[in-house]
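Step one of this worksheet: look at the structure below.
Values reported hereafter were calculated over all heavy atoms of this structure, with side chains retained and with hydrogens, waters and symmetry mates removed. Keep in mind that this is a model prediction, so the values were computed, not measured. This chain uses plain numbering: 1 for the first residue, then up along the sequence.
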Amino acid sequence: MRGTLFFVVLLLAHVQAVFVPAWIAYRINIRKSRLHSVLSNGGIPLLLLGFAFFSVAAFAEMLDHTETSWVYVNRISGWNGLFYAGLAGGLASLAASVTTSKLLRVLLSVIVAAGIVAYPLFGKEITISLQSIITIIFLAQWWKHFHDPLLWAYPICGVVLTTVFGGMLSASGEQIWHVFIGPVGSISLITIWILLNRAEWKQRLSK
């Protein structure tokens, strides 16, 4: 009974990670006429693409777990590769959504492609390193564009806490830590959605 309950909780923790970014993309699409005022040219489609990538990444992770009986295994696989590609693509799209620099957008695309190619050839390490570079660019661009302290909730939840819980999971093998990774990742995405709404609200007040 306890094992069944834990599986249900673990499954829900992963399912919500698929639906939260999909829901945010849906809300962005509904409010795109308002959000146009706070994003660069072509920013809305890139924003939608970014959250779609996050949803795909979470779904790929779920599919990877079905091959390991939902026990976390640090391994190289096609689904795991798609998970990292989705994360990188999501971050790169969000970073590109707030800039008009074609050079930066091309650079982000190149880094994502390099990470995808590096994964099957060299393993996760280079891919994760390249993803870290994208994360730094994303944070720098969003801080420059919005200058909202709420942005720093993203690296706290989406980078620090997920890394801590992932490290504890790998070190201890205790699957309970697996439950927390998806939800804190979703919290980081929700803070981005809140930040966008705050920016749009401030824009309306200034008119």
Taking NZ in Lys124 as the centre, count heavy atoms belonging to other residues, nucleotides or ligands within less than 6.0 Å. Is the count above 12? yes
When every non-hydrogen atom of Pro155 is compared with those of Leu139, the smallest separation belongs to CD-CD2, 3.8 Å
Taking the side chain as C-beta and beyond, is there a heavy-atom pair between Leu63 and Leu82 under 4.5 Å? no
Flag, side chain of Gln16 to backbone of Gly182, donor-acceptor distance under 3.5 Å: yes
Gln175 side chain to Val71 main-chain N or O, any donor-acceptor pair under 3.5 Å? no
Minimum heavy-atom distance between Leu48 and Asn29, given as atom pair plus value: CD2-N, 3.9 Å
Has the side chain of Ser170 got a donor or acceptor atom that lies under 3.5 Å from a matching backbone atom of Gly167? no
Classify the ring geometry between Phe54 and Phe51 as parallel (under 30°), tilted (30 to 60°) or perpendicular (over 60°). perpendicular
Taking the six-membered ring for Trp, are Trp177 and Phe165 parallel (under 30°), tilted (30 to 60°) or perpendicular (over 60°)? parallel
According to a 4.5 Å side-chain heavy-atom criterion applied to Ile, Leu, Val, Met, Phe, Trp and Tyr, with indirect links allowed, do Trp143 and Ile136 form part of one hydrophobic cluster? no
Are Tyr119 and Leu130 close enough that some pair of their side-chain heavy atoms sits under 4.5 Å apart? no
Using links of under 4.5 Å between side-chain heavy atoms of ILVMFWY residues, direct or through other members, which residues join Tyr26 in one cluster? Ile30
Is there a donor-acceptor pair under 3.5 Å between the side chain of Thr162 and the backbone N or O of Ile181? no
Taking atom CH2 of Trp201 as the centre, report whether more than 12 heavy atoms of other residues, nucleotides or ligands fall under 6.0 Å from it. no
Looking only at heavy atoms, which two atoms of Val112 and Ala92 are closest? And how far apart? CG2-CB, 3.5 Å
Excluding Leu12, membership of its hydrophobic cluster (Ile, Leu, Val, Met, Phe, Trp, Tyr; side-chain heavy atoms within less than 4.5 Å) reads Val8
Check the pair Phe138, Tyr154 against side chain to side chain contact (heavy atoms under 4.5 Å, CB included), reporting the backbone distance first and the verdict last. CA-CA 11 Å; Phe138 157 69; Tyr154 178 88; 3.7 Å; yes
With a 6.0 Å cut-off on ring centres, are Phe19 and Trp23 close enough? no
Please check if any side-chain donor atom of Asp64 sits under 3.5 Å from a side-chain acceptor atom of Ser77, or the reverse. yes
With a cut-off of 6.0 Å (strictly less than), are more than 12 heavy atoms of other residues, nucleotides or ligands near CH2 of Trp193? yes
Which heavy atom in Thr99 sits nearest to a heavy atom in Gln141, and how many Å separate them? CB-OE1, 3.7 Å
For Ala17 and Ser186 the tightest heavy-atom approach is CA-OG, 3.7 Å
Could you give the distance from CG (Asn74) to OG1 (Thr68), rounded to the nearest 0.5 Å? 11.5 Å
Please check if the side chain of Ser93 supplies one atom and the backbone of Leu47 the other of a donor-acceptor pair under 3.5 Å. no
Do the rings of Trp70 and His65 sit parallel, tilted or perpendicular, given the 30° and 60° boundaries? tilted
Do other residues, nucleotides or ligands put more than 12 heavy atoms under 6.0 Å from the CZ atom of Phe59? no
Indicate yes or no for a side-chain donor-acceptor contact from Ser97 to the backbone of Leu94 under 3.5 Å, with no hydrogens or angles considered. yes
Would Trp142 and Ile192 satisfy side chain to side chain contact (heavy atoms under 4.5 Å, CB included), going step by step from the backbone distance to the final call? CA-CA 10 Å; Trp142 276 59; Ile192 295 301; 3.6 Å; yes
Considering non-hydrogen atoms only, spot the tightest contact between Ile116 and Ala85 and give its length. CG1-CB, 3.8 Å
